Protein chains: 2
Amino acid sequence: MNPSKVPDIVIGRLPLYLRALTQMAQDGKEITSSQELGGELGISSAQIRKDLSQFGEFGKQGTGYNIEFLADQLKRILHLDQIWDVALIGAGDLGTAIANYGGFIDRGFRIRSVYDNDPSKIGTWAGAYEVHSVDQLEKDLRDMGIKIVMLAVPASHAQEVTERLIAADVKAILCYAPISLSVPDSVKVQYIDPVLHLQHMTFYLSK
Amino acid sequence: MNPSKVPDIVIGRLPLYLRALTQMAQDGKEITSSQELGGELGISSAQIRKDLSQFGEFGKQGTGYNIEFLADQLKRILHLDQIWDVALIGAGDLGTAIANYGGFIDRGFRIRSVYDNDPSKIGTWAGAYEVHSVDQLEKDLRDMGIKIVMLAVPASHAQEVTERLIAADVKAILCYAPISLSVPDSVKVQYIDPVLHLQHMTFYLSK
DNA sequence: CCCCTTTGTGAAAAATGTTTGCAATGCCCG
DNA sequence: CGGGCATTGCAAACATTTTTCACAAAGGGG
């Protein structure tokens with residue numbers, strides 16, 4: 001199926017399905033159904049079937065889906081049949097927490113290198129990673145062929161770093177700073193801003 | 001305007017507008033237009049006007065929007081015309097990073113109390129907060145009237161803690177664990193899972 | 001072979017987003 | 001003071017996306 005024809009929102013649900021399937025596999029299950037999977041995630045079974053049908057036929061009528069097989073297919077679709085090297089920019093509290101997070105490698109990502117612009121941090125360690133200067137950032141990233149970056153720098157520096165990332169041919173940025181980055185269409189950006197989520201929920205609260 | 005009539009997706013954009021407006025205000029600007037705001041965020045001016053029109057009339061024809069006024073109105077709509085007390089459950093690497101994050105208070109949230117179930121952590125400090133035992137969690141949260149919790153515990157414990165939060169009358173949970181929580185409709189949940197975002201982007205990458 | 005389950009899918013329905021047009025309004029400048 | 005210009009708020013029409021529905025086809029168990 002032509003990737004450009006599949007709605008982005010569908011793509012966004014695939015990792016969710018993969019996460020649930022992985023959990024099921026760890027629990028020792030071998031087979032599931034769209035209904036069970038949907039129940040787990042709060043999504044209708046029809047929508048799951050529809051989403052999957054965009055990419056092929058993965059189930060057996062009357063039986064359901066083989067969990068391992070479907071997970072493998074989703075990994076292939078999402079290009080997770082490989083480990084992606086990722087760079088982390090920013091070794092403050094947040095960057096250090098990210099560096100210490102052990103949940104990346106099992107799900108397809110490996111932190112390859114950590115950077116900061118604070119001279120006093122260069123050479124220190126953020127978890128298992130030595131902190132490097134950003135002086136050679138573009139060259140470093142190019143040499144390592146890194147296409148994905150986690151950006152954990154203050155909002156005031158995020159756009160300027162982003163421009164260097166674009167120059168380094170980075171194609172995907174996960175931005176933790178609470179701002180909107182300006183990038184060309186060829187670069188994908190996703191944002192993580194916990195406050196946005198909190199503010200979304202307070203709308204429904206009263207006090 | 002009846003809250004139940006406004007699409008949730010619209011509500012989700014309001015914090016984004018508020019964030020951009022706050023940034024503009026900090027830059028010393030006083031006036032903006034739907035066009036400028038949309039350019040900043042990658043959203044059409046018509047959509048911004050339409051979203052805002054769900055709640056009232058906030059702009060001046062020919063002029064645009066007074067940034068401070070519109071920001072105040074958005075805060076009111078989102079119930080951010082007050083500071084919300086929040087509890088943080090989990091004082092591991094992630095919890096500690098959250099505790100050290102200074103970006104909450106300016107945007108309407110104050111961490112009131114931090115909890116962990118590890119006896120060796122009780123009494124230690126996570127940033128400026130003393131770590132408390134979860135023994136009295138329900139009573140503590142009720143006594144403090146806490147309705148919002150940030151959940152930074154391992155996935156394996158998240159559901160069981162969630163059930164205690166529900167019992168404590170918590171109404172909003174920001175879950176950092178990579179699982180889907182099961183909660184009644186009266187409880188709002190939002191998720192933060194960085195890997196989900198990374199996996200979403202790898203779909204568009206090739207290697 | 002019959003019954004039960006579940007998939008895959010076309011069609012319908014609902015939700016969301018975009019475009020267009022325009023009256024009303026307010027500012028700026030001559 | 002008045003005309004020109006910009007922008008909002010709004011409605012209507014339209015387009016697109018997303019979700020839901022319904023059911024034929026297929027698999028498996030007894």
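Residue numbers begin at 1 in each chain, while the letters A, B, ... track the order of the sequences. Predicted model, so just to flag it, every value in this text is computed and none were measured.
Within the 4.5 Å cutoff, no side-chain heavy atoms of B:Thr22 are placed close to those of B:Asp106. Within the 4.5 Å cutoff, the side chain of B:Thr32 has no heavy atoms near those of the B:Leu70 side chain. Taking 4.5 Å as the limit, every side-chain heavy atom of A:Tyr65 sits out of range of all side-chain heavy atoms of A:Leu21.
Between A:Asp8 and A:Lys188, no side-chain nitrogen of the basic residue sits less than 4.0 Å from a carboxylate oxygen of the acidic one, so the salt-bridge criterion is not met. Note on A:Asp81 versus A:Lys75: no salt bridge recorded, every NZ/NE/NH1/NH2 to OD/OE distance being 4.0 Å or above.
Mapped onto DNA chain C by nearest heavy atom, A:Gly62 and A:Gly56 fall at different nucleotides, with A:Gly62 at the one closer to the 5' end. Each of B:Lys60 and A:Ala46 has a nearest nucleotide on DNA chain D; the 5'-most of these lies closest to B:Lys60. Nearer to the 5' terminus of DNA chain C, by closest-nucleotide assignment, is the contact made by A:Thr63 (compared with the other of A:Thr63 and A:Glu57).
Regarding A:Phe55, its CZ atom lies at a distance of 18 Å from the P atom of C:dT7, rounded to whole Å. C:dC28 atom P lies 10 Å from atom CD1 of B:Ile31, rounded to whole Å. C:dT6 atom C1' lies 13 Å from atom CD1 of A:Ile48, rounded to whole Å. Remark: P of C:dC4 and CD of A:Gln35 are 16 Å apart, rounded to the nearest angstrom. Atom-to-atom, NZ of A:Lys50 to C1' of C:dT6 comes out at 16 Å; the value is rounded to the nearest Å. Atom CD of A:Glu36 is separated from atom P of C:dT6 by 9 Å (rounded to the nearest Å).
For DNA chain D, the span of nucleotides reached by chain B at under 4.0 Å from its heavy atoms goes, 5' to 3', from D:dA6 to D:dA12.
At the phosphate of C:dG8, neither OP1 nor OP2 sits under 4.0 Å from any side-chain N or O atom of A:Arg49.
A donor-acceptor contact shorter than 3.5 Å links the side chain of A:Arg164 to the backbone of A:Val134. A donor-acceptor pair under 3.5 Å links the side-chain atoms of A:Asp116 to the main chain of A:Ala91, judged by distance alone.
If you check distances only, the side chain of A:Gln61 does reach the base of C:dT7 with a donor-acceptor pair under 3.5 Å.
Using a 4.0 Å heavy-atom distance criterion, B:Ser34 is classed as a sugar-phosphate-only contact.
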Can you name the atoms? Protein N/O to nucleotides 13-16 of chain C N/O, anything below 3.5 Å, with the distance.
none

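Scanning for side-chain hydrogen bond (donor to acceptor under 3.5 Å, both in side chains) contacts around B:Asp143 gives B:Lys139, with sequence neighbours left out.
Taking the six-membered ring for Trp and thresholds of 30 and 60 degrees, A:Phe203 and B:His79 have nearly parallel ring planes, at less than 30 degrees apart.
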